[in-house]
There are 2 protein chains.
Amino acid sequence: MEKDKEKAILQAAEAEFMQKGFGGAKTTSIAAKAGVTHAMLHYYFRTKDNLFSKVFESKFTILGTNFVTAFSNHSLCLLKRIEVGIRLHFDFLRDNPDLPRFVINELISRPERHDLMKERLQSMLGPIRYSVEQDLKNAIAKGEIYSISLTNLLIDIISLNAFVFIALPVLEPIAMQEFEDMDTFLLSRKEENVCILMNRLTPKTK
Amino acid sequence: MEKDKEKAILQAAEAEFMQKGFGGAKTTSIAAKAGVTHAMLHYYFRTKDNLFSKVFESKFTILGTNFVTAFSNHSLCLLKRIEVGIRLHFDFLRDNPDLPRFVINELISRPERHDLMKERLQSMLGPIRYSVEQDLKNAIAKGEIYSISLTNLLIDIISLNAFVFIALPVLEPIAMQEFEDMDTFLLSRKEENVCILMNRLTPKTK
DNA sequence: ATTATCTATAGATCTATAGATAATGC
DNA sequence: ATTATCTATAGATCTATAGATAATGC
């Protein structure tokens with residue numbers, strides 16, 4: 001009758017896998033959370049691994065495509081594009097705070113997926129990589145941007161934006177000594193990340 | 001006869017827990033890796049949880065104290081102390097690349113430990129926090145350092161230094177498009193982290 | 001006497017499937 | 001006829017302990 005049991009299972013699986021990872025998640029618990037018999041889960045998805053794959057691929061793609069689109073506002077100059085991109089990316093992570101930890105952890109604990117994800121990543125980053133690389137080189141040549149490699153620029157951004165959310169529970173006691181609540185802390189982090197990168201990229205001899 | 005079976009178990013547990021986390025690690029597999037009967041593990045440590053605690057507390061302390069000492073070279077001015085600290089901290093993480101991921105993940109997946117770790121963290125950071133905070137305020141007042149809160153400064157450093165190692169397998173395909181091997185890539189990251197923070201802290205109007 | 005070690009197994013948990021029954025679409 | 005759903009259970013795995021035996025320190 002209800003074809004949306006499949007969807008219920010998938011949503012429950014999403015929550016359970018994101019929270020506990022592949023190993024920590026239990027199909028029994030997912031079924032219970034979805035309000036269906038345990039056997040139903042296997043009827044629709046055959047194996048735990050299969051169900052996990054569905055969830056993981058989806059999350060991986062969401063994370064990747066959001067990153068690419070955040071920095072794809074081509075009406076702006078590179079520096080401004082980076083500034084806007086950092087803010088968009090940060091806001092996205094604020095709304096999906098355990099996405100990066102989930103993707104990184106599961107990718108690491110399941111090396112058999114490495115090659116597949118490497119391909120996916122290439123096909124997401126590849127198309128924009130060349131054009132951004134050109135823009136970056138031009139801006140550096142013109143003296144608008146201080147010398148930096150594209151790889152290091154990307155990792156600077158991802159490190160600063162993602163780490164806060166990966167380690168949020170650990171950082172909380174440190175942050176709460178200085179900030180009133182999480183919201184103001186995160187707002188401050190966003191501005192800090194913009195600030196630190198703009199200072200990195202804007203040459204002092206200006 | 002051999003009292004060092006206890007040590008063998010602990011070392012095997014360390015490797016297994018670091019690699020797979022609490023849930024993924026199996027006491028049977030730890031015992032096998034240590035070359036002892038499975039029953040021996042319980043004889044010495046009673047429970048898996050107990051064994052895990054020993055490993056975790058040790059790792060958490062190592063990570064924390066190294067961070068504090070890296071930035072405690074009091075013969076230097078604050079700016080130079082930060083520069084040296086970033087390098088020391090980065091090198092330490094290079095030698096212990098899965099320490100931060102382990103600590104963060106296990107801390108998050110075991111909330112019952114939160115309060116205890118919060119205390120530990122306070123007692124490690126507490127003593128130096130006040131004096132650094134004063135140094136920072138003074139340097140800012142003198143115009144030697146551009147305005148920044150201590151919390152944001154700490155998180156900038158930790159984000160940039162730790163994230164690379166947390167996500168190393170994921171970053172590899174991105175990095176290898178531009179760098180010859182991991183060693184040169186990591187060397188470049190260390191310099192980038194020093195560079196980006198020095199630029200953040202050194203005012204332009206100088 | 002106490003401490004260390006081994007074998008064997010209880011008890012819990014979890015994935016997956018078999019096999020029966022109910023619902024649905026032609 | 002095919003698809004969806006349920007109950008029951010097989011089979012694998014894992015933690016923990018019981019109980020017997022060997023080694024060690026007085």
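Because the structure is predicted, anything quoted here is derived from the model rather than measured. Order of the sequence lines sets the chain letters (A, B, ...), proteins ahead of strands, with each chain counted from 1. Heavy-atom basis, side chains included; hydrogens, waters and symmetry copies ignored.
A distance of 12.0 Å separates CG in B:Leu93 from CZ in B:Arg101, rounded to the nearest 0.5 Å. Atom CG of B:Leu154 is separated from atom CD1 of B:Ile148 by 9.0 Å, given to the nearest 0.5 angstrom. Within the model, atoms NE2 of A:His42 and CG of A:Leu51 stand 9.0 Å from one another, a figure rounded to the nearest 0.5 Å.
At least one side-chain nitrogen or oxygen of A:Lys5 sits closer than 4.0 Å to the OP1 or OP2 atom of D:dT5. Side-chain N/O atoms of A:Tyr44 include one lying less than 4.0 angstrom from OP1 or OP2 on D:dT5.
Sequence neighbours left out, the pairs with a member in residues 172-199 of chain B that pass ring pair (Phe, Tyr, Trp, His ring centres under 6.0 Å) are B:Phe179-B:Phe185. Sorted by first and then second residue, the ring pair (Phe, Tyr, Trp, His ring centres under 6.0 Å) pairs involving residues 103-138 of chain B (not counting sequence neighbours) form an empty list.
Using modelled atom types and a 3.5 Å distance limit, the side chains of B:Arg189 and A:Thr151 yield no donor-acceptor pair.
Protein atom CG of A:Leu41 is 15 Å distant from nucleotide atom P of D:dA4, rounded to whole Å. Taking atom NZ of residue B:Lys48 and atom P of nucleotide D:dC14, one finds them 9 Å apart after rounding to whole Å. The distance from atom NE2 of A:His42 to atom P of D:dT3 is 21 Å, rounded to the nearest whole Å. For A:Phe45 and C:dC14, the CZ to P distance is 20 Å, given to the nearest whole Å. When the P atom of D:dT7 is taken as reference, atom NE2 of A:His38 falls 13 Å away, rounded to whole Å. Taking atom CE of residue B:Met40 and atom C1' of nucleotide C:dT7, one finds them 12 Å apart after rounding to whole Å. One interatomic measurement links the two molecules: OH of B:Tyr43 to P of C:dA4, which rounds to 4 Å at whole-angstrom precision. Between the P atom of D:dT17 and the CG atom of B:Asn50 lies a distance of 11 Å, rounded to the nearest Å.
For an aromatic pair to be called close, the ring centres must be under 6.0 Å apart, and B:Phe17 with B:Phe52 satisfies this.
For DNA chain D, the residues of residues 19-30 of chain B within the heavy-atom distance limit of 4.0 Å (strictly under) are B:Ala25, B:Lys26, B:Thr27, B:Thr28, sorted by number. Near DNA chain C, meaning a heavy atom under 4.0 Å from it, residues 9-18 of chain B has no residue at all.
With B:Phe165 as reference, B:Phe90 is the one residue of B:Phe90, B:Phe102, B:Phe92 to meet the ring pair (Phe, Tyr, Trp, His ring centres under 6.0 Å) rule.
Relative ring orientation between B:His89 and B:Phe71 is described as tilted, the plane-to-plane angle lying within the 30° to 60° band.
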Per-nucleotide pairing state of DNA chain C [Watson-Crick or G-U, under 3.5 Å; [ ] pseudoknot-crossing; | other strand]: ||||||||||||||||||||||||..

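In this structure, A:Glu83 pairs ionically with A:Lys80, as a charged nitrogen and a carboxylate oxygen lie closer than 4.0 Å.
Residues forming a side chain to side chain contact (heavy atoms under 4.5 Å, CB included) with A:Gln19 (at least two apart in sequence, or on another chain): A:Lys33.
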